[in-house]
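So that the names make sense, note that chain A is the first sequence line, chain B the second, and so on, each numbered from 1. This one's a predicted model, so the numbers in the text were calculated from it and none came from an experiment.
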4 protein chains.
Amino acid sequence: MATKRKSGVSDRRNRDSELIAAAITVFYEKGYAAASLQDVAEIVGVLKGSLYHYISSKEDLLARICVESHAQASVIMAESLESADDPLDQLRVYLHRIALWYVNNIERVSIYFNEGKWLTGERLSEVRTQGREFHSFVRTLVDKARSSDRVRDDIDPRVAAQLILGSLNSVSTWYRPDGLYSPEEIASAFTDMSLASISGEVPPVLSRVTAPDGDD
Amino acid sequence: MATKRKSGVSDRRNRDSELIAAAITVFYEKGYAAASLQDVAEIVGVLKGSLYHYISSKEDLLARICVESHAQASVIMAESLESADDPLDQLRVYLHRIALWYVNNIERVSIYFNEGKWLTGERLSEVRTQGREFHSFVRTLVDKARSSDRVRDDIDPRVAAQLILGSLNSVSTWYRPDGLYSPEEIASAFTDMSLASISGEVPPVLSRVTAPDGDD
Amino acid sequence: MATKRKSGVSDRRNRDSELIAAAITVFYEKGYAAASLQDVAEIVGVLKGSLYHYISSKEDLLARICVESHAQASVIMAESLESADDPLDQLRVYLHRIALWYVNNIERVSIYFNEGKWLTGERLSEVRTQGREFHSFVRTLVDKARSSDRVRDDIDPRVAAQLILGSLNSVSTWYRPDGLYSPEEIASAFTDMSLASISGEVPPVLSRVTAPDGDD
Amino acid sequence: MATKRKSGVSDRRNRDSELIAAAITVFYEKGYAAASLQDVAEIVGVLKGSLYHYISSKEDLLARICVESHAQASVIMAESLESADDPLDQLRVYLHRIALWYVNNIERVSIYFNEGKWLTGERLSEVRTQGREFHSFVRTLVDKARSSDRVRDDIDPRVAAQLILGSLNSVSTWYRPDGLYSPEEIASAFTDMSLASISGEVPPVLSRVTAPDGDD
DNA sequence: TATGAATGAGAGTTCATTCAT
DNA sequence: TATGAATGAACTCTCATTCAT
């Protein structure tokens, strides 16, 4: 009889997540503004009009990507607080976990942080609020740690939080999954450097005795 | 600053820099991909089509912006090397200067670092090469400083360079000229934190006393 | 009202009339051209594609709506002729009845008169022919009444018919079922005004003397 | 200074009004919702994207058409009031003038009355307000005329105004410029019939003789 | 029957770019 | 130089319709 193509197995249920996956790839590579649904459709293997069975708009696609990331990011904040009592320890846990999460989901998370600005209306407000929460979370921990002398006095918690989070976010510009470093290595390096960058831990007493002035 | 509508004299060469200035503003605010030449033309006060007496394409506009930044960035690298002998001191000078330059030219430099990827062909290669140079410059200094024990052994110069430069580049996402911090403050905070993040400086006495070899 | 999800019995034939009812609502509110089958499907509670078990096309839906109206409109013409002998009396009866029918079925009838033009091919010809019949029906009665001096000489039957029918059709643009006027009131006002607009019957009081029947 | 006139004649200044004219034709024939800018562009002889040099959106095109009609319609109302003192005379003048105007600009005016509903936001509010003004204008005159016994008591001014204006608006469904009737003939027939439809002007002599009391 | 996935054509709109004036 | 008209391609999105399940 007639030829029956489509012996493909996973045709059924996966379309929706296939679509998200394709969008993640495209948005990550081109940026949301320059990405076209045409590109997404081609990857999925349907006509671009067909995408609208799964989404209601291009922005909707972006929103879905962001929502998932946000939920996970929130969990990481909460868990980090529970994992330790000391602010600096909490910060260490948080930085390591979020970095690991970031690297392991580099495309999606990078979109969340870098392309979320293209959302509009309420969703834009949300993503901005969330961004402030991350920053505020880190700043608060830095601040507390400074109060207990585990962070240097000359550290401004606000600026420190920005620089640390910026450093993390930069990972998406240079990390390659098939590169030299494992996610764990990157997360550790990031965590260690971030903490060192603010730490007063050194041996404050000793160094004060032997070296009257710090470096600069 | 100098130009007036109908001066008849300086209108000539100024249009060109007006155009660049307008493009910088627009590209910075919207991103290159989402920016339209219409926006640029409106700021300059000419019609869209008229722009093509000054540029040959939208990409050309971007290229010009990048070229200027690249030249300045190169100078900063060179001068930093001349300003000191020790690698860590050179790095300190470099980070401070480039940060100050970045903040003081935030729009243009941010475009250079973040939108340069939209260039094509030879120009794309150039901008990528330049990016690698910056990274390589910092990495090399970190590496040298590590060899002379001024940087911790556990620091991977490659990753450190990425994180430091990423931290710097993140400034464009949160710095506001009318904000809480002066360029100098930001540059200093960035420099201090960056050096602290890699430094083995602090415990030299201690480590010499208690541990003959490097820490960790 | 009667149908429930899984009654198993009346679900059958009712879907069909439900569908028509839904289409009437949608076509009336948005106009045929701007209406989407999606809207219809949502009201009925099935998916868009499922509609095609009941209809063969969007136009088919329109055609069915029109057919029913046409049949009823034809009956009204025929009955009106039988209800009296005098052309003007026939016209009076006709106008009153058709107006009452129009108002009581405002959505469906309005579609018939205003959206029938979207039909194509043979069906378009039919609906046009029918439209001409209505007009011709009224024109003929006006003409006859004029011959017997019950309509003014200066009345052009053709134009009069158009204006009267146009006036009737306009009802759909302003009538609201929950408004100030009952269908009966509107039908009467329409009939009275229409007849007065062509009448040579000058003294309405007189007609009460000479004509034993009081209309309404 | 010698003026440099375009010998090309119509190519230059006319595009804008050509565009409006084309849009009027297309909107009139297909209705706004079903009309496509493609159709308009083809008439004008440009690509559809090029239309956006003259308009900012399809709706903008509709709005422009409506604005012009509204202005003229307002003038007719004002002038009619000045042309006579008696309300019924004012009404007669108004109906005749507006009918003449309607027929002479049948496409544009018909769009104003029938397609204005497709406008959105503020413009929709405006066009609706204007529609109420027309109705209110006629209703008020009918009401006044009824107070001075020139209109029958049984006439409801509100319904009468709707039917009269509906009758007028129906002209666009049947009038053909190359048809049997001149604009003047149609305007006169419409005016005469409309006034007769509400008039209590009976034949004073006859009614006085046979019926000493008032009508009704 | 009903679903839900997919199509294909076409809609309105944007935009970098060209070119005669 | 500068304009303004025009292009052509690409974009997001809509919709009537089909069809295997």
Side-chain angles (χ1 to χ4, degrees), chain A residues 2 4-6 11-16 18-19 33-41 44-61, chain B residues 11-12 15-16 33-41 44-61, chain C residues 8 11-12 15-16 33-41 44-61, chain D residues 4 6-8 11-16 19 33-41 44-61:
Chain A
K4 283 215 172 179
R5 300 168 53 78
K6 300 280 183 176
D11 259 12
R12 203 42 56 182
R13 225 222 72 77
N14 280 38
R15 274 285 192 260
D16 198 87
E18 262 184 66
L19 213 172
S36 98
L37 291 186
Q38 178 75 286
D39 300 329
V40 177
V44 178
V46 297
L47 295 187
K48 66 182 171 173
S50 306
L51 296 181
Y52 286 80
H53 272 276
Y54 304 93
I55 62 171
S56 58
S57 70
K58 185 186 178 188
E59 190 184 319
D60 175 56
L61 209 40
Chain B
D11 247 16
R12 222 151 298 269
R15 267 276 193 272
D16 205 85
S36 99
L37 289 187
Q38 176 76 332
D39 298 330
V40 177
V44 178
V46 297
L47 291 191
K48 198 168 49 164
S50 307
L51 296 181
Y52 286 80
H53 286 116
Y54 302 93
I55 62 171
S56 59
S57 71
K58 186 186 179 188
E59 190 184 320
D60 175 55
L61 210 38
Chain C
D11 249 16
R12 222 152 298 268
R15 269 276 194 272
D16 205 86
S36 98
L37 289 186
Q38 175 77 330
D39 299 330
V40 177
V44 178
V46 298
L47 291 191
K48 198 168 47 163
S50 307
L51 296 182
Y52 286 80
H53 286 118
Y54 303 93
I55 62 172
S56 59
S57 72
K58 187 187 180 188
E59 190 185 320
D60 175 55
L61 210 39
Chain D
K4 11 170 39 175
K6 274 316 63 257
S7 54
D11 259 13
R12 208 42 54 175
R13 187 52 289 142
N14 280 39
R15 271 285 192 263
D16 198 87
L19 214 173
S36 98
L37 290 186
Q38 178 75 284
D39 299 330
V40 176
V44 178
V46 297
L47 295 186
K48 67 179 175 174
S50 306
L51 296 181
Y52 286 79
H53 272 276
Y54 303 93
I55 63 171
S56 58
S57 71
K58 187 188 178 188
E59 189 184 320
D60 174 55
L61 209 39

Identify whether any heavy atom of [X] sits under 4.0 Å from a base atom; if not, whether one sits that close to sugar-phosphate; answer base, sugar-phosphate or nothing.
{"X": "A41(D)", "answer": "nothing"}
{"X": "A34(A)", "answer": "nothing"}
{"X": "L37(D)", "answer": "sugar-phosphate"}
{"X": "S50(B)", "answer": "base"}

V46(B) vs Q38(A), nearer the 5' end of DNA chain F by closest nucleotide |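 Nearest nucleotide further toward 5': that of V46(B).
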
For DNA chain F, whose closest nucleotide is more 5', that of E59(C) or that of Y52(A)?
->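 Counting from the 5' end, the first nearest nucleotide belongs to Y52(A).
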
Scan every strand shown for a Watson-Crick or G-U wobble partner of [N], both distances under 3.5 Å, and answer none if you come up empty.
{"N": "dA10(F)", "value": "dT13(E)"}
{"N": "dG8(E)", "value": "dC15(F)"}
{"N": "dA20(F)", "value": "dT3(E)"}

Just the rounded figure in Å: distance from [atom2] of [N] to [atom1] of [X].
{"X": "Y54(D)", "N": "dG12(E)", "atom1": "OH", "atom2": "P", "result": "18 Å"}
{"X": "L51(D)", "N": "dA5(F)", "atom1": "CG", "atom2": "P", "result": "13 Å"}
{"X": "H53(C)", "N": "dT18(F)", "atom1": "NE2", "atom2": "C1'", "result": "11 Å"}
{"X": "D60(C)", "N": "dT17(F)", "atom1": "CG", "atom2": "P", "result": "10 Å"}
{"X": "K58(D)", "N": "dT14(F)", "atom1": "NZ", "atom2": "C1'", "result": "13 Å"}

Identify which nucleotide among dA11(E), dG4(E), dG4(F) has an atom closest to any side-chain atom of L47(C), counting heavy atoms from C-beta outward.
->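 Given the options dA11(E), dG4(E), dG4(F), the side chain of L47(C) is closest to dG4(E).
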
Can you find a heavy atom in the side chain of L61(C) that is under 4.5 Å from one in the side chain of L37(C)?
->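 The answer is yes, as the side chains (C-beta and beyond) meet within the 4.5 Å cut-off.
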
pair V46(C)-R15(C): side-chain heavy atoms closer than 4.5 Å |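 V46(C) vs R15(C): side chains touch.
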
Nearest 0.5 Å, what's the CG-OH distance between D60(A) and Y54(A)?
->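 Reported value, rounded in 0.5 Å steps: 14.0 Å.
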
Distance from S50(C) atom OG to L47(C) atom CG, nearest 0.5 Å?
->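 The distance works out to 5.0 Å.
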
R15(D) vs dA6(F): side-chain N/O to OP1/OP2 distance below 4.0 Å |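 Affirmative; the distance criterion is met.
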
For I55(D) and A33(B), take the nucleotide of DNA chain E holding the closest heavy atom to each; which residue's nucleotide lies nearer the 5' end?
->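 Nearest-nucleotide comparison on DNA chain E picks I55(D).
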
Do K48(D) and dG12(E) have a side chain to base donor-acceptor pair shorter than 3.5 Å?
->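 Yes, the side chain and the base share a sub-3.5 Å donor-acceptor pair.
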
Taking every non-hydrogen atom, the tightest pair across K48(D) and A41(D) =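 For K48(D) and A41(D), the tightest heavy-atom pair comes out as CA-CB, 3.6 Å.
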
